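Values below: all heavy atoms of this structure, side chains included; hydrogens, waters and symmetry mates excluded. In this chain, numbering begins with 1 at the start of the sequence shown. Keep in mind that what you see is a predicted model, and the values were worked out from it rather than measured.
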Amino acid sequence: MMLERIQQSMQSPIMKAVMFVIIVFFIGAGYFGANMFGGDPNRIAEVDGVSISSQKVQREIDLMRQRDGENFEKRYPTEASRAQLRSTIEQRLIDNEVVTAGIARAGFTASDEQVKHWLRTNENFQVSGEYSPERVRSIMQQNGLTENRLREIGREEIAREQLQNGLQSSSFALDNEIETLYRLQEQTRDVRVLRVPLAKFSEDVTFEDEKVEEYYQQNQSRFMQPEQVNLSYVRLSADLLLEEKKAEVTDEEVEAYYEQQKSNYLDPAEIQVAHILIDNSVDNAEEKAKELLEQIQSGADFAQLAEEHSSDTFSAEDGGKLDWVDAQEQSEVSAGTGWAPEFEKAALALENKGDISGVVETSFGYHILKLIDRREGKTTPLSEVREEIVAKLAAEKADEEFYSKETKLNDVLFEYGNDIELFAEQAGLEVKETGVFTRSTATGVAANPALLEKAFSAKVIDSSEVSDKIELGSKDIVYVTAKDYKAEAVKPLEEVKPQIITALTKEKAAKDAEEFANNVLSSLKDGESVEELLAQEELSWLENSELKRRDSAMDFALVSAVYELPAPEGEESSYSVKPLFNGDYAVIELKGVNYPDFSEIDEATKTQLKQTARSLATQADSANLVEYFKAIVEVSR
């Protein structure tokens, strides 16, 4: 019935629940990662016949590593953290396929025109708010997508949007639901509130030593000192060597490098062309290309013909225009234009803006080329790249020293592993100390997750030997020994005595405040005056007629407590004692609840409440539909 309802009414909302999964996966994971490649034998799971493979998971991880750079290693430095990441991505891929399969079964699809509109209006394909064919081609290239695959992705995304819109459009709110929301939202309350603060009962409180000792013995788990360690360590890091090596780079080395690598500082000439492609699937493709060439030679507009006839629909959107490329042929030392050889040769032969080629045949079909523009190449002067070269040479020197010293440390670990000072001396390194830290107080190098994971291991704390190499990151390693170690233990009484007194004081104050509040409550219910009780503690009532839910005239905690109470029955006030967020107590006299007249509701408020009611209904539908998809879509691991 649910599926029928969806198909008939174009439906309501899986998207607050489902679109979150889709969007996080679809964009956050690299935009097109989930379905980019077909099945492979290393299957992790299969969703309705679609394989989720280890390669797909690794692809996601590689995209994250490429996007985040060194931050990826810092975020996932340990085997445990990387295993957790892999597990999370596996589940995300499975969830995405479950939703995709469920939507497909619901019968949602999209026309070619809808896909075209999706491409032109999707923010991911825009530059400065305008559709950019270059941006589309760049995304396709980065993600290894074909034009057909991109359109398939668009079709799937449109189907998701259809489902979202359908779910939302099928939800409704009855007048009685709107009236109930209105009464709840706009009601006011006639009330007086007495706040009983703990601070009033915390003054001049003292405890005998025996009481403190008793609390200490009964609550020792609260006073545990976590295990602590102080590590001696030897660190070798290419990054830490870098600044030192920059100072060693000479002008002669910079100039020599510049001359040797001058071709790398040459911005080659560039060329931009437009083309019209008639691909091989078109009947009489060559003849059609020749006819178009004749029209162009007779004065027809190249861009208009490209838009109307080119099989390369992405460039056709921009009059056939392609990206700028290096104006040089492909060779052993150059990637060239990146175009097909026949296309490249014809394009480079065009000399003047507006020149038109003949019909050029490639494996894609038949092309007509037009030269849009050329840019001359130039060499970047040494002065502009000096700092870059210094950094590069310094990095080479730092890497060379890093690998040399890493090899040395590996070689001498067995011989000098019982003395970290002698061990460090072999590579000309310094022994440092972390200072005492716990798992939660580590700072500096000790806070690195890879080191922290090892710091409290038996291999470190139970041994005087230098540890095995610990990799903190790329070309950043450390060796450690435990200089001092303290196991978990109960803190001495004298150290925690102030903490115990504070806890005992709070307990007693809370008990006394609650007792006082209940005494006031009892007196009120018995019809007795409470003014003398209040005067003893210098407390007074706060009164408010027509108190609203979001009334700033009274503290939020008090308003929340007031609105927790049910409306009083009849004409009599109702009374209650409520604990507040901060430990205080409140004595509440609720005199009455005032409801708005629904007949006087304005249209703007009614519309807003109708949207709220529909949103609540659609959220419930969303959750139900997700569960329905899980029930009908087969997942095997």
Mind checking the [atom1]-[atom2] spacing from [X] to [Y]? Nearest 0.5 Å is all I need.
{"X": "N122", "Y": "I139", "atom1": "CG", "atom2": "CD1", "value": "7.5 Å"}
{"X": "R192", "Y": "N544", "atom1": "CZ", "atom2": "CG", "value": "13.5 Å"}
{"X": "D512", "Y": "T505", "atom1": "CG", "atom2": "OG1", "value": "11.0 Å"}

Would you say [X] and [Y] make side-chain contact, with heavy atoms under 4.5 Å?
{"X": "E186", "Y": "R549", "value": "no"}
{"X": "V520", "Y": "V196", "value": "no"}
{"X": "V229", "Y": "F437", "value": "yes"}
{"X": "P568", "Y": "V593", "value": "yes"}
{"X": "K511", "Y": "E507", "value": "no"}
{"X": "R75", "Y": "M64", "value": "no"}
{"X": "P596", "Y": "Q185", "value": "no"}
{"X": "L609", "Y": "I601", "value": "yes"}

Does [atom1] belonging to [X] count more than 12 external heavy atoms closer than 6.0 Å?
{"X": "K211", "atom1": "NZ", "result": "no"}
{"X": "K610", "atom1": "NZ", "result": "no"}
{"X": "Q91", "atom1": "CD", "result": "yes"}
{"X": "F556", "atom1": "CZ", "result": "no"}
{"X": "Q536", "atom1": "CD", "result": "yes"}

Are [X] and [Y] close enough that a side-chain donor and a side-chain acceptor fall under 3.5 Å?
{"X": "E564", "Y": "S560", "value": "no"}
{"X": "N230", "Y": "E433", "value": "yes"}
{"X": "R155", "Y": "Q114", "value": "no"}

(request) Look at the rings of F125 and W118 and say which category their plane angle falls in: under 30° parallel, 30 to 60° tilted, over 60° perpendicular. (result) perpendicular

The residue among K506, R195, K578 that forms salt bridge (Lys or Arg N to Asp or Glu O under 4.0 Å) with D584 is R195

Can a donor-acceptor pair be found, under 3.5 Å and without considering hydrogens, that links the side chain of [X] to the backbone of [Y]?
{"X": "N518", "Y": "E514", "result": "yes"}
{"X": "S573", "Y": "E589", "result": "no"}
{"X": "K56", "Y": "S51", "result": "yes"}

Is E152 salt-bridged to R149, cutoff N-O under 4.0 Å?
yes

**Prompt:** Are the charged groups of D62 and R65 less than 4.0 angstrom apart, N to O?
**Reply:** yes

F72 and I61 have their tightest heavy-atom pair at CZ-CG2, 3.8 Å

In short, L580 meets A557 closest at the heavy-atom pair CD2-O, 3.8 Å

Would you list the atom pairs, donor with acceptor, under 3.5 Å between side chains in residues 525-532 and any protein atom, with sequence neighbours excluded?
from, atom 1, to, atom 2, distance (Å)
S529, OG, E531, N, 3.4

Residue pair E46, I52: steps toward the side chain to side chain contact (heavy atoms under 4.5 Å, CB included) verdict
CA-CA 6 Å; E46 189 172 285; I52 307 295; over 6 Å; no

Residue pairs passing the side-chain hydrogen bond (donor to acceptor under 3.5 Å, both in side chains) test with at least one member in residues 217-227, sequence neighbours excluded, are E213-Q217, E214-Q218, Y215-R222, Q217-Q220, E227-R439, E227-Y485

